[in-house]
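Notes follow the structure.
Just follow the structure's listing: the first ligand is 1, and inside any ligand the first atom is 1.
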Amino acid sequence: MEKTSRFPGFYKLPLGERVRIVAEWAGLSPEEEALLGKSLQLEQAEKMIENVVGLFPLPLGIAVNFLINGKDYLIPMAIEEPSVVAGLSHAAKLVREGGGFQAESSEPIMIAQIQVMDAPDLEKAAGKILEAREEIFRLADSKHPTIVSLGGGSKGLEVRKFHNTPAGPMLVVHLLYDTRDAMGANVVNTAAETVAPLIEELTGGRVVLRILSNLSDRRLAWARCTVPWKVLEGKGISGKEVAKRIVEAWALAAVDPYRAATHNKGIMNGIDAVAIATGNDWRALEAGAHAYAARSGSYGPLTTWKQNEEGDLEGFIELPLAVGTVGGATRVHPLARVCLKILGVKTAKELAQIIASVGLGQNLAALLALATEGIQRGHMKLHARQVAMAAGATGELVDLVARRMVEEGTISPARASEILRELKGS
Ligand code: MEV
């Protein structure tokens, strides 16, 4: 029987019960299940970065209801912000009513940049590089026989000429490199460093930078969805009207970078959370996403929304997603391994498709809230809990203090402390 990610009332279950359900769903071993509560150990952290003095854990939540390309997924998300996981689960439920997300991704092609200064003749140098394509590929591939044996390695070569820069004329060589299931930063950086001496020889120039580009626009992912207008009805507003308002909300992002930045921030709420949970480099994704959003010369939204003839809502997202399922923290961080197992992903391409769907779903969640009751109402309850905890509330007092603040409409550290003092009778 196919597994379903539909778990009505998941959020109401006690934490232990939620862990049990996810562990059973993903077939986690008792050790893996235990890791969900324990996370990273100091000894592992010490091997990951320098000067370690402690750990900085984030809440790990599970977004439910996801159907992507006909397959059900539970989505692990590491994030500190309230409402993101709940909003996404709700959006995924609505999208499910229209058949789920349809997602695709390109081959995992990264770009390595090799910067050449002082080439005596840019045109000639560019020609020489292109003529030596096979030799450059052979050299670049020599360091990564495993990736090459899996079908990866050098796939393309481009030379870009900059006649006028603040440092004078320069060339930049783009080596297009398929990194298979790795995010591939190390792989392409090594490839770039390996071919640099040959590039110098060919051009008579001097190589400076040898580094990947985070604008990984050859490694794209797409997701689309249709939300039937009927399921959008709520809060006294008809479904068709909600769909219309969502399109109107998106249209502002399409013309205004001030709104587009916030629109895309909401998308990245979901994308980063999955990237962190799976041990991927979320700063690389941020850099790529925002640069891609500005590729036309003006910054725009990463999604599009429109209403079709039936009045249903159609959404689409396209962005670079350089993510991996092997290498880096995906393997070193024990919890990242467990999260990948919960996702049940086999390849980096599949992970990119999931993450694109998460971005689109997260955007739907935000636009739905913004176009109807506003973002604050849902936010406030959880936010109030955080403020109550920051003021020193523990156990049952957290909910009591939070509820009082929500009822009163004043959520502040000062008010939380006052209520706490009152409740404690001091
Ligand atoms: C908050 O973290 C994200 C939103 O601002 C996104 C948006 O406005 O679309 C709600």
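No side-chain N or O of Glu104 forms a donor-acceptor pair with one of Trp222 less than 3.5 Å apart. Judged purely by distance below 3.5 Å, without hydrogens or angles, the side chains of Thr226 and Asp312 never pair a donor atom with an acceptor atom.
Less than 4.0 angstrom separates some heavy atom of Lys265 from each of these atoms of ligand 1: 1 (C), 2 (O). If you number the atoms of ligand 1 from 1 as listed, the ones under 4.0 Å from a heavy atom of Leu370 come out as 7 (C), 8 (O), 9 (O).
With a 6.0 Å radius and a threshold of 12 heavy atoms from other residues, nucleotides or ligands, Lys341 has its NZ atom above the threshold.
Neither the backbone nor the side chain of Asn363 comes within contact range of ligand 1; no heavy atom lies under 4.0 Å. Here Val84 has no heavy atoms under 4.0 Å from ligand 1, in either its backbone or its side chain.
Between Arg259 and ligand 1, an N or O atom pair is found at a separation short of 3.5 Å.
The shortest contact between atom 5 (O) of ligand 1 and any protein heavy atom is with Thr262 CG2, 3.6 Å. Among protein heavy atoms, atom 10 (C) of ligand 1 sits closest to Ile375 CD1, 3.7 Å. Closest to atom 3 (C) of ligand 1 among all protein heavy atoms lies Asn269 ND2, 3.6 Å. Taking atom 1 (C) of ligand 1 as the reference point, the nearest protein heavy-atom neighbour is Glu81 OE2, 3.5 Å.
Under the 30°/60° scheme for interplanar angles, the aromatic rings of Tyr177 and His144 are found to stand perpendicular.
Between Ser106 and Arg218 the shortest heavy-atom distance is OG-O, 3.1 Å. The two atoms that bring Leu88 and Gln362 nearest to each other are CD1-N, 3.4 Å, heavy atoms only.
Using a cut-off of 4.0 Å between Lys/Arg side-chain N and Asp/Glu carboxylate O, Arg283 and Glu286 are scored as not salt-bridged.
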